[in-house]
Amino acid sequence: MSKADFVVVANRLPVDRAGDSDEWRRSPGGLVTALEPVMRKAEGAWVGWPGQPDVQLDPFDFEGTHLVPVMLTADDVENYYEGFANDTIWPLYHDVIAAPRYRRVWWDSYVKVNRRFAEAAAGAAAENAIVWVQDYQLQLVPKMLRDARPDLTIGYFHHIPFPAYGLYSQLPWRKQVLEGLLGADVIGFQRVADAGNFARAVRRQLRYETKASGISVPTADGTTRTALAKAFPISIDAESYIELAQRPDIQARAVEIRESLGNPKTILLGVDRLDYTKGIRHRIKAFQELLEDGRLSVDDATLVQVASPSRERVATYMKLRDEIELAVGRVNGDYDTMGHTAVRYLHQAYPREEMVALFLAADVMLVTALRDGMNLVAKEYVAARVDNRGALVLSEFAGAADELGSAILINPHDIDGLKDAIMRAVEMPPAEQGRRMRALRRRVREHDVEDWSRDFLDALAVFHERGAAVTA
Ligand code: GDG
């Protein structure tokens, strides 16, 4: 295969293989949808892990994309992925909600695996290609790639928060990670505040100069180049949610869901990966107290919580699952009746159609994240409400709060405030629901995931053109 002019590098390939089947399916992610048109047009390549350990695969083509599998051993999965990425970086970057563990063997594995990704990307990229690296699992790849292939134009997008300097500085490898990221020409963040935190860490740790979004990075030949560190808030494929929400079978399913819950007056909904950043316990606590105070009754309010299984081999996640299930069991034990349940808890993953039916069935959507890069669920709920009904309670600690100001914004640590906000949402008159929902939907439709990738790639194109001018 000839080399590609556009290469995406992500921890995972955009395909899945069910169990021991040999057949690949496109995985249903936002990133995959966002990049599909770009990939097809550019005949791009995608470098990533196929999802199963110890499986060595040759590159292959799938629906117009050239896929370049990177092999991870079971040890790599344990140390690079579950260890450094998900037990060091994830908790540290989410404001140490859980304690990050700093283990040198994990770091060594992270360096080794990042190098493997960088080498695979360097091998797949044509002369002067554009390479777009995704997320916190691969923070060292931009620099490794630039060292190996100075001809490339390199972008990096960070899907999770970048923490304040006081927290970031805990990281024993803080300088190496910053240098790794600064290998990119454009470093994209979800929020303006994340880009600001990054620039501050660069100033404090590396003493590089920053001006507006530009960072002066010294190069090997004694000159400097400018890297751009800026917010590019990610979004969703809004149109596809609208289409699903308009389907009669999905609308009928929403009615059926309400019926199977006993047609309560109010359905409250939470949809999250089972993760300690999502504030699921805070949400359950607030709901439980509202039942206890008599402000809500189990006869007319049910909380549906979908908590899709996530990172089940990481100890913190096992503990979290136990805590949440204990809390759900307590509330239900105290408040369930024969005919009504307080919390319908579902530790399962559902097809997208079922998610949209749930969005349509829910009067109140609860997004109570303690820290979240963006939170796509908030945007999906809004997009699905083609009837302009429903109310969104949204944590100010989720990136989505910067754009979705017409939601009821809350601080999830303030349980009394959260309870009041839930009651405001439950009691919100239809006219106000409509007013707010229209404003929320306008924003999500006007800035969808295609705008996101276009904005990012346009910023990167400026560097690409400059590079072309220098080589010419
Ligand atoms: C990271 C950042 C940032 C969840 N359960 C099911 C299911 N989902 C889908 C949701 C949504 C996606 O997964 C989750 O995205 P979020 O943005 O809410 O959260 P993270 O997984 O933590 O994502 C986050 C994001 O990256 C993108 O940059 O926004 O801040 O943490 O699309 O709908 N989908 C289906 N069944 C489920 O059971 N089909």
Side-chain angles (χ1 to χ4, degrees), residues 8 10 12-16 18 24-42 44 46 48 62-65 132 134-135 157 159 190 232-257 269-273 304 306 308 348-362 365 367 372-390 392 394 398-400 403-404 406-407 437-457:
V8 169
R12 285 297 310 272
L13 283 176
V15 291
D16 263 321
W24 294 100
R25 295 170 315 196
R26 182 171 290 274
S27 21
L31 187 66
V32 182
T33 321
L35 297 181
E36 196 196 75
V38 197
M39 298 296 287
R40 214 175 313 124
K41 219 166 68 202
W46 188 307
F62 181 86
E63 294 181 4
T65 305
W132 193 1
Q134 306 289 329
D135 225 3
F157 187 76
H159 291 255
Q190 301 278 27
F232 294 90
I234 200 168
S235 192
I236 59 163
D237 179 14
E239 243 7 89
S240 76
Y241 279 87
I242 294 170
E243 273 168 31
L244 288 172
Q246 281 167 338
R247 256 169 56 180
D249 58 325
I250 291 181
Q251 293 185 356
R253 176 66 191 142
V255 174
E256 200 176 279
I257 290 172
L269 175 67
V271 172
D272 314 81
R273 275 188 308 100
V304 177
V306 175
S308 42
Q348 294 161 48
Y350 291 94
R352 213 137 73 104
E353 289 76 6
E354 182 73 356
M355 292 305 211
V356 171
L358 272 167
F359 290 150
L360 285 175
M365 184 77 210
V367 177
D372 214 332
M374 176 55 62
N375 196 290
L376 296 180
V377 171
K379 292 187 170 181
E380 290 163 1
Y381 176 68
V382 163
R385 292 317 301 237
V386 287
D387 55 354
N388 290 315
R389 295 293 294 272
L392 173 65
L394 175 62
E403 295 170 82
L404 304 183
S406 296
M437 194 52 81
R438 270 190 286 274
L440 293 168
R441 303 193 71 235
R442 201 175 311 124
R443 170 66 203 177
V444 173
R445 293 186 75 168
E446 279 170 6
H447 179 73
D448 69 3
V449 71
E450 235 182 284
D451 297 303
W452 167 76
S453 60
R454 196 182 40 241
D455 289 351
F456 187 94
L457 293 173

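Here, residue 1 is the first one in the sequence, and each next residue gets the next number.
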Over 60° means perpendicular and under 30° means parallel, so tell me whether Tyr381 and Phe359 are parallel, tilted or perpendicular. perpendicular
As an exercise, state the distance from CG of Asn388 to CE of Met437, rounded to the nearest 0.5 Å. 7.5 Å
Can you list the residues that meet the side-chain hydrogen bond (donor to acceptor under 3.5 Å, both in side chains) rule with Gln134, with sequence neighbours excluded? His159
Any donor-acceptor N/O pair, Gln190 side chain to Ile234 backbone, under 3.5 Å: yes
Minimum heavy-atom distance Asp448-Ile236, with the two atoms named: CB-O, 3.2 Å
Could you check if a side-chain atom of Asp272 sits within less than 4.5 angstrom of a side-chain atom of Val377, using non-hydrogen atoms only? no
Once you round to the nearest 0.5 Å, how far does CD of Gln246 lie from CG of Asp387? 10.5 Å
Could you tell me whether the side chain of Val271 reaches within less than 4.5 Å of the side chain of Met365, counting heavy atoms only? yes
Scanning both residues in full, the closest heavy-atom pair of Leu360 with Ala384 reads CD2-O, 3.3 Å
My understanding is that only residues two or more places apart in sequence, or in another chain, count here; which of them pass side-chain hydrogen bond (donor to acceptor under 3.5 Å, both in side chains) with Glu354? Arg253
How far apart are the closest heavy atoms of Trp452 and Ser235, and which atoms are they? CB-N, 4.3 Å
Within the structure provided, determine whether Val386 and Arg441 are in side-chain contact (heavy-atom separation under 4.5 Å). yes
Who passes side-chain contact (heavy atoms from CB on, under 4.5 Å) against Arg443, sequence neighbours left out? Glu403, Leu404, His447
For Arg454, what residues pass the side-chain hydrogen bond (donor to acceptor under 3.5 Å, both in side chains) criterion, not counting sequence neighbours? Asp451
Looking only at heavy atoms, the pair that brings Ser406 and Ala439 closest together is OG-CB, 3.5 Å
Distance, nearest 0.5 Å, that separates NZ of Lys379 from CG of Leu394: 10.5 Å
Rounded to the nearest 0.5 Å, what's the gap from CZ on Phe456 to CZ on Phe157? Could you check? 7.5 Å
Heavy atoms, side chains only, cut-off 4.5 Å: are Val15 and Arg25 in contact? no
Check whether any side-chain heavy atom of Gln348 sits under 4.5 Å from a side-chain heavy atom of Val306, and report yes or no. no
Applied to residues 232-251, the salt bridge (charged side-chain N to carboxylate O under 4.0 Å, His left out) test, sequence neighbours excluded, yields Glu239-Arg445, Arg247-Asp249
Do Val444 and Tyr241 come close enough that some side-chain heavy atom pair is under 4.5 Å? no
Could you state the interatomic distance from CG (Leu269) to CG (Leu392), rounded to the nearest 0.5 Å? 11.0 Å
Using every non-hydrogen atom in the two residues, find where Ala362 and Arg385 come nearest and quote the distance to one decimal. O-NH1, 2.6 Å
Checking Glu63 now: which residues fulfil side-chain hydrogen bond (donor to acceptor under 3.5 Å, both in side chains) with it, not counting sequence neighbours? Arg26
Do Pro14 and Met39 have side-chain heavy atoms sitting under 4.5 Å apart? no
Interatomic distance, Trp24 atom CH2 to Phe62 atom CZ [nearest 0.5 angstrom]: 9.5 Å
Shortest non-hydrogen contact from Ser27 to Asp16? CB-OD2, 3.3 Å
